[in-house]
Novice: 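Here you go, one structure.
Remember, it's 1-based here, ligands and their atoms both numbered in the order they're listed.
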Amino acid sequence: MKRASMKFWAVALATIVVTTAAQAGDTIKVGFLVEMTGTFSDFGQHIVNGATAYIQQHGDTVAGKKIVLIVRDTTGPAPEVAKRLAQELIVKDEVDFIVGFGLTPNALAVAPIVTEARKPTIIMNAATSVITTKSPYIVRVSFTLAQVTEPMAEWAYKNGVRKVYTLVADYGPGNDAEKTFKAAFTKLGGEIVGSVRVPLQNPEFGPFVQRIKDAKPEAVFAFVPAGELAVGLMKSYRERGLAKEGIRLLCTGDVTDDGVIDALGDSALGVISTHQYSMAHDSPENKAFLAAYAKVDTKLRPNFMAVAGWDGMAAIYEVARQLKGDIDPDKAMQVLRGLKLDSPRGPIQIDADTRDIVQDVYVREVKKVGDHLYNVEFDKFVAVKDPGK
Ligand code: VNL
């Protein structure tokens with residue numbers, strides 16, 4: 001997948017690392033632990049693209065220091081690989097920050113290492129609530145599944161939905177989504193008529209989706225990670241004729257992610273989701289982000305991970321400015337706690353106590369605008385904290 005762009009990154013990164021060695025001392029080094037190959041390779045691409053766009057837009061020097069990116073490929077959900085690469089980034093490369101993490105298992109694996117090394121760590125996607133509790137050196141600029149799921153349960157009930165079947169990927173964020181949806185929806189008076197969990201690797205959606213159809217719920221609530229799983233789920237939903245039976249699809253924005261929405265095709269039209277970012281978000285900050293991103297990658301549509309990559313870099317620039325270029329780990333954490341940013345998604349804040357993100361969560365509908373599908377925002381929940389804490 002994405003062989004051409006992988007090659008591009010291999011070359012670009014080699015160049016960046018060589019430059020680093022020559023200028024150690026005058027640099028702020030940012031080590032990326034991201035998925036650059038395999039099923040989840042888009043995640044790394046999105047995150048690095050977003051960070052690169054930020055640097056190109058704002059200049060590669062801040063507080064007199066040159067920002068240097070060192071990108072390492074975790075290859076997928078691979079905790080042992082993530083741990084080894086984190087050690088190398090800290091000991092050999094002497095990075096000032098560790099960032100990235102498309103996937104929860106990699107973030108959890110690295111938590112004890114960054115605690116031990118006192119290394120400020122910025123989560124740019126991984127979205128299981130518990131991650132930020134695993135180290136005082138972790139902050140999150142992405143989202144949590146609980147944070148975007150609770151609004152979905154409330155919106156569904158308010159709009160007359162009473163019987164829901166849940167489908168989630170069977171790992172941390174999926175379990176959070178299932179638990180949160182069930183709790184919020186039943187508290188309001190709704191009923192969960194069934195729940196399935198599908199494997200993270202190579203799931204066969206057909207039989208699961210058929211089981212849901214046979215149970216005749218009014219809606220399915222679904223979370224699977226963005227990318228290939230989302231495409232697989234949408235395909236089965238269409239092939240098994242759930243929409244025709246009047247079974248609505250309600251999901252987190254991971255399923256209707258901007259990065260794959262073109263591949264979902266018209267079967268995605270009308271799908272309702274809740275999430276923190278849409279390409280269609282109307283603001284000057286988002287326009288600036290989209291313009292900068294388009295100079296970095298013209299093929300892969302930017303998504304919520306790219307925005308988190310952008311915001312994570314914005315956070316690092318702010319730390320650098322406030323610390324006048326001298327990155328002391330504990331002082332950096334102090335700046336990050338409570339930090340506010342005007343993100344392309346809207347205003348965001350890092351909660352000073354939990355180090356987790358507080359942000360608006362939007363309700364969106366997939367619509368065709370011009371030649372492309374977009375998640376068009378039509379309602380929002382303001383300044384949502386992670387309810388999973
Ligand atoms: C995770 C969360 C991964 C949401 C995802 O796919 C996602 C995770 C990138 O925490 O592992 O959409």
Side-chain angles (χ1 to χ4, degrees), residues 1-2 32-50 74-79 81-82 99-111 121-134 138 140-149 152 167-181 197-201 203 221-234 251-261 263-264 273-278 300-309 345 356-357 359 361 375 386 388:
M1 219 182 150
K2 303 264 175 320
F32 281 71
L33 284 179
V34 280
E35 301 75 15
M36 298 302 286
T37 53
T39 307
F40 298 102
S41 64
D42 280 2
F43 302 178
Q45 292 289 340
H46 281 297
I47 289 173
V48 176
N49 280 348
T74 60
T75 71
V81 177
V99 306
F101 304 100
L103 292 163
T104 287
N106 298 338
L108 289 175
V110 165
T121 298
I122 302 179
I123 305 290
M124 294 172 167
N125 188 59
T128 306
S129 285
V130 79
I131 291 170
T132 45
T133 70
K134 296 298 184 187
I138 292 181
R140 174 156 37 204
V141 296
S142 51
F143 71 113
T144 75
L145 260 304
Q147 184 178 48
V148 296
T149 295
M152 185 78 264
L167 178 149
V168 299
D170 190 9
Y171 78 126
N175 301 344
D176 278 4
E178 183 191 282
K179 193 175 83 186
T180 306
F181 192 91
R197 295 182 180 183
V198 301
L200 181 60
Q201 304 275 23
F221 166 73
F223 159 76
V224 294
E228 287 185 10
L229 271 77
V231 177
L233 171 62
M234 286 299 302
C251 50
T252 66
D254 309 81
V255 179
T256 58
D257 161 35
D258 286 301
V260 294
I261 200 165
L264 298 180
S273 63
T274 42
H275 228 219
Q276 69 278 13
Y277 175 71
S278 164
L300 188 62
R301 274 177 66 166
N303 70 353
F304 58 97
M305 300 182 207
V307 166
R345 68 190 106 168
D356 222 329
I357 187 164
Q359 62 191 332
V361 174
N375 291 290
D386 177 24

Novice: Any heavy-atom pair between the side chains of F143 and V361 that's under 4.5 Å?
Specialist: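 No. Closest side-chain heavy atoms not under 4.5 Å.
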
Novice: Taking side chain to side chain donor-acceptor pair (under 3.5 Å) as the definition, give me every residue that meets it alongside D356, ordered by chain and number, with sequence neighbours left out.
Specialist: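 Partners of D356 under the side chain to side chain donor-acceptor pair (under 3.5 Å) test: T132, R140, K389.
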
Novice: Are the side chains of L108 and V130 in touch, meaning some heavy atoms are under 4.5 Å apart?
Specialist: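 SC-SC contact between L108 and V130 confirmed.
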
Novice: Can you name the residues that form a side chain to side chain donor-acceptor pair (under 3.5 Å) with E35, not counting sequence neighbours?
Specialist: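 E35 satisfies side chain to side chain donor-acceptor pair (under 3.5 Å) with N106 once adjacent residues are dropped.
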
Novice: Who passes side chain to side chain donor-acceptor pair (under 3.5 Å) against N125, sequence neighbours left out?
Specialist: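 Side chain to side chain donor-acceptor pair (under 3.5 Å) check on N125 returns nothing, list empty.
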
Novice: Could you please spell out the steps behind the side chain to side chain contact (heavy atoms under 4.5 Å, CB included) verdict for T74 and F40?
Specialist: CA-CA 10 Å; T74 60; F40 298 102; over 6 Å; no

Novice: Near ligand 1, which residues have a heavy atom under 4.0 Å away from one of its atoms?
Specialist: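 Within the 4.0 Å shell of ligand 1, which is judged on heavy atoms, sit F43, G102, L103, T104, N125, A126, A127, F143, Y171, P173, F223, P225, A226, D254, F304, M305.
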
